[in-house]
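Values reported hereafter were calculated over all heavy atoms of this structure, with side chains retained and with hydrogens, waters and symmetry mates removed. The structure presented is a predicted model; accordingly, all values stated were derived computationally and were not measured.
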Amino acid sequence: MLIELKTIEKININKFQRDLIAWFKQEQRDLPWRKDQDPYKVWVSEIMLQQTRVDTVIPYFNRFIEWFPTIESLADADEDKVLKAWEGLGYYSRVRNLQSAVKEVKEKYMGKVPNTPDEIAKLKGVGPYTAGAILSIAYGLPEPAVDGNVMRVLSRILSIWEDIAKPSSRKVFEKAVRELISHEEPSEFNQALMELGALVCTPTSPSCLLCPVRDHCQAFSEGVQNDLPVKTKKNKQRVIELATVVLTDDSGKFLIHKRPDNGLLANLWECPNIEIHHPMQTEREKIADLFMDSHHLDIEIEKAIGQIEHVFSHLVWNIKVYTGKIRTFHQPGNGEWKLASLEEMENYAFPVPYQKVFKMYKEKNERH
DNA sequence: GATACGTGGCA
DNA sequence: TTGCCAAGTAT
């Protein structure tokens with residue numbers, strides 16, 4: 001059951017659209033994915049921008065389009081290379097879903113991104129926001145594209161006190177956008193709402209005095225812009241204790257392991273590691289036994305070189321880092337393992353916590 | 001509906 | 001330093 005939006009009746013929709021879009025045309029940032037409306041590039045940019053800042057995305061987007069300029073090139077690429085292009089961006093299932101969806105577009109839609117809500121929403125990794133963004137920006141269709149910016153901006157303009165942390169709230173805002181959106185310039189309208197949220201109608205201390213639609217804003221007229229949107233907080237992360245070993249063989253190659261193809265950091269590479277359930281387990285002589293038990297790895301621990309804390313959105317890793325030597329190596333049964341030279345390592349994607357591990361290893365080595 | 005899923009920046 | 005956030009989606 002949707003709440004009635006009485007406040008939308010107070011908006012002069014035509015003037016609101018004009019003020020908003022005029023501001024956007026004047027003030028919009030010059031961004032690499034705004035050079036054209038290639039549906040593939042719009043799609044890539046929208047996936048990258050999920051939960052990720054524009055400044056972070058820009059260099060990743062440029063390199064990704066260099067490496068994979070077309071649907072076909074991405075569909076045919078090795079997954080390790082695709083993950084390498086995403087290394088450091090986070091939420092890695094985004095790019096695995098993207099490649100999977102791009103393969104589907106290549107095969108099922110002759111390489112052309114579909115332009116109907118039903119077809120596009122079925123693609124892996126394309127939810128309601130991304131579907132609306134592609135349909136409006138690449139195809140000029142008047143579909144809502146409701147992200148966090150849009151909810152924040154509209155919660156203020158229309159004085160909507162729904163908790164935007166609740167998934168069900170999105171429907172309220174989609175309904176509002178359907179009433180407000182410009183049918184002449186839906187792309188500009190949707191992007192303007194998001195751009196306004198990013199540049200003016202910011203989460204904290206919004207710049208209302210610079211706002212092009214201030215005169216339409218209920219929150220501003222009531223002085224409650226700092227109380228909106230309503231957003232409940234999330235829970236604290238749980239902590240996981242890990243021990244990891246930078247393992248080398250006699251020729252100086254590193255032993256690395258490919259993570260499982262689902263869950264956290266799926267299909268990325270890491271140093272061999274184990275979860276520590278009891279503090280006593282970090283005693284140096286116990287560590288090697290644990291690696292034998294859990295990975296059938298015959299190793300010798302040399303020394304502990306430090307501790308790394310890595311904070312994820314939902315958990316924290318405390319990693320104790322060791323160096324060690326491989327005694328005898330044979331492929332352990334579980335998962336994919338590789339003995340890789342420094343040069344070969346460049347081809348594999350490591351999540352940030354393990355980039356920190358290698359950085360620590362390198363720094364410790366350079367002092368000798 | 002609640003939780004899993006990354007990372008870096010900033011108050 | 002700690003916590004919150006930033007153009008969400010899958011399960």
*Minimum-distance nucleotide (side-chain atoms of A/Val352 versus C/dA6, B/dG8, C/dT9)*: B/dG8

How close or far is atom [atom2] of [N] from atom [atom1] of [X], stated in whole angstroms?
X: A/Arg170; N: C/dT9; atom1: CZ; atom2: P; result: 8 Å
X: A/Trp86; N: B/dC5; atom1: CH2; atom2: C1'; result: 13 Å
X: A/Ile47; N: C/dA10; atom1: CD1; atom2: C1'; result: 12 Å
X: A/Tyr91; N: C/dT9; atom1: OH; atom2: C1'; result: 10 Å
X: A/Ile58; N: B/dG8; atom1: CD1; atom2: P; result: 16 Å

*What about A/Ser168: does its side chain form a donor-acceptor pair under 3.5 Å with the base of B/dG1?*
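Side chain to base: no pair below 3.5 Å.
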
*Answer with yes or no whether A/Ser313 presents, from its side chain, a donor or acceptor under 3.5 Å of a partner atom in the base of B/dG6.*
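Side chain to base: pair present.
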
*With DNA chain B as reference, determine whether A/Thr204 or A/Gly263 sits nearer its 5' end, using the nearest nucleotide of each.*
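Residue closer to the 5' terminus by nearest nucleotide: A/Gly263.
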
*Measure from NZ or CZ of A/Lys258 to the centre of the six-membered ring of A/Trp337 and say whether it is under 6.0 Å with the direction within 45° of the ring axis.*
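No.
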
*Less than 4.0 Å between a side-chain N and a carboxylate O, is that true for A/Arg96 and A/Glu79?*
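A salt bridge is present here (some side-chain N lies under 4.0 Å from a carboxylate O).
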
*Below 4.0 Å: OP1/OP2 of B/dG9 and any side-chain N or O of A/Thr56*: no

*B/dT3 phosphate, OP1 or OP2, under 4.0 Å from A/His314 side-chain N/O*: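 Answer no for this pair, as no side-chain N or O of A/His314 is under 4.0 Å from OP1 or OP2.
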
*If the P atom of C/dA6 is compared with that of B/dA4, how far apart are they to the nearest Å?*
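That atom pair is separated by 22 Å.
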
*Quantified in whole Å, what is the P atom distance between nucleotide B/dG8 and nucleotide C/dT9?*
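B/dG8 and C/dT9 have their P atoms separated by 22 Å.
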
*Start with the C-alpha distance between A/Lys41 and A/Asp36, add both sets of side-chain angles, then the distance that settles salt bridge (charged side-chain N to carboxylate O under 4.0 Å, His left out), and finish with yes or no.*
CA-CA 8 Å; A/Lys41 288 189 232 168; A/Asp36 60 54; 2.7 Å; yes

*Pair A/Tyr354 + A/Phe358: ring centers closer than 6.0 Å*: no

*Look only at the side chain of A/Arg327 and the backbone of A/Asp298, and say whether a donor-acceptor pair between them is shorter than 3.5 Å.*
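No, because the side chain of A/Arg327 does not come within donor-acceptor range (under 3.5 Å) of the backbone of A/Asp298.
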
*Assign A/Val57 to base, sugar-phosphate, or nothing according to its heavy-atom contacts below 4.0 angstrom with the strands shown.*
nothing

_Need one value for A/Thr52: base, sugar-phosphate or nothing, where a base atom within 4.0 Å counts as base even if backbone is also close, heavy atoms only._
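Result for A/Thr52 = base.
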
